[in-house]
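This report concerns only the one structure given below.
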Amino acid sequence: MQDTIEENIALMSNLVPARIKITEVLTLAWSDRLKGENEMDAHIRKVYVPMTETGFYILLCLREENHGYGIVQKVEALTQGQIKLSPGTMYGSLSKMEKDALIEFVREEEKRKIYKITELGTQVLDLEMKRIERLYRNIQEVR
Amino acid sequence: MANNENTKKEYKYFSITMWKEEQEYLRKMHKKGWKLNKVTGLGMYYFDKCEPEDVVYQLDYNKEKDGEKDEYIQMFKDCGWEYMFDFVGYSYFRKPASHMDGDEEIFCDDDSRLDMMVRVFKGRMVPLIVIFCCLILNAALQTNLHGTFSVVVYGMIVFVLILYVILFAVFGYQFYTYYRSVKNK
């Protein structure tokens, strides 16, 4: 009896610091997360996290300079023709993302506007990639 | 101008929210061998005789393109859409169904379809609402200036007011129906 109580106390004293450590880590992680999210505008988060498939492919492709139709072709190749982006959607998304400073206009070539992803765009894409990776991991777990 | 064997004109009314119906009408006409040439006034559609063909017509409403119309048209052209003209803020495009795999539209997701609805709403409904408010303001000012105003003027204002409320209700309902149709597809 005495032994088990002592064992328990010993166990608890071992556990307590460990628990503090965990909460400390959690608080730190949480505040970091809050900081990161606060830096990103509420509007951006609302519209782009999560974002549409079109939006995702635009950001993914614009890590290299490209124009709207270039993105359409690239996405078609990437998805073996399964996703064919339409010009109205493409035009609307590009102007919206440029306004929200996720992408920026670089130059014009033969009436085609060439864009590139911005720092903010890269951050948003990163968040979205992590979210999709999490989804993918969870799918693998239930398979 | 009378219809002859090579041209045809038809009056057709489509309200602010009925671009889908308009697209279907134009596609049907082309199937019958009448391709759209131009639209004028309150909805006079001019057609030229052609070989009957299944051609998909699409309307976009986007004020962002102002100042970079060439770039706007180029993107549609690259994707195989022929740009025809602009009419009351709408851009008209068409593409033969034989050049598509399955039915194609100029929008490929619901977000962009609803974005277009919002643009139409802002571009065409908001001006109506502003005019409506000006009318009421004007009526209020008139009463203040003259103290009283005649039954005729009063009657007219009430009439316009009722007309506007009905119009708003109808358009509001049509926007809502379109919204539902996109969401439930």
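The sequence lines fix the lettering, A, B, ..., with proteins before strands; numbering per chain opens at 1.
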Would you say [X] has more than 12 foreign heavy atoms packed within less than 6.0 Å of its [atom1]?
X	atom1	result
B/Tyr176	OH	no
A/Gln140	CD	yes
B/Lys69	NZ	yes
B/Tyr179	OH	no
B/Phe159	CZ	no
A/Lys74	NZ	yes

Measuring heavy-atom distances to chain B, does A/Glu110 have an atom under 4.5 Å in its side chain, in its backbone, in both, or in neither?
backbone
Tell me whether A/Thr89 contacts the main-chain N or O of B/Cys108 through its side chain, where contact means a donor paired with an acceptor under 3.5 Å.
yes
Hydrophobic clustering (ILVMFWY, side-chain heavy atoms < 4.5 Å, transitive) - are [Y] and [X] grouped together?
X	Y	value
A/Leu59	A/Leu135	no
B/Val88	B/Val126	no
B/Tyr173	B/Val170	no
A/Val106	A/Tyr69	no
B/Phe175	B/Val118	no

Of all heavy-atom pairs between A/Pro87 and B/Phe76, which one has the smallest distance, and what is that distance?
CG-CD2, 3.5 Å
Is any side-chain N of the basic residue among B/Glu64 and A/Lys96 closer than 4.0 Å to the acidic one's carboxylate O?
no
Decide, yes or no, whether a salt bridge links A/Lys113 with B/Glu68 under the criterion of side-chain N to carboxylate O below 4.0 Å.
yes
Nearest 0.5 Å, please: how far is [atom2] in [Y] from [atom1] in [X]?
X	Y	atom1	atom2	value
B/Glu71	A/His67	CD	NE2	12.5 Å
A/Ser86	B/Asp60	OG	CG	11.0 Å
B/Ile106	A/Tyr91	CD1	OH	12.5 Å
B/Asp78	A/Arg112	CG	CZ	4.0 Å

Look at B/Gln58, B/Arg119, B/Lys65 and state which one has the largest set of heavy-atom pairs under 4.5 Å with chain A.
B/Lys65
Give the intermediate values and the outcome of side-chain contact (heavy atoms from CB on, under 4.5 Å) for residues A/Lys84 and B/Asp101.
CA-CA 10 Å; A/Lys84 210 170 167 189; B/Asp101 20 290; 4.2 Å; yes
With respect to chain B, which residue among A/Glu108, A/Glu53, A/Gln73, A/Met90 yields the maximal number of heavy-atom pairs within a distance under 4.5 Å?
A/Glu108
Chain A heavy atoms under 4.5 Å from [X]: which part of the residue, side chain, backbone, both or neither?
X	result
B/Phe93	neither
B/Asp70	both
B/Asp115	side chain

Check step by step if side-chain contact (heavy atoms from CB on, under 4.5 Å) holds for B/Met75 and A/Leu94.
CA-CA 11 Å; B/Met75 189 175 297; A/Leu94 285 175; 3.9 Å; yes
Side-chain donor-acceptor contact under 3.5 Å, B/Asp111 with A/Thr52:
no
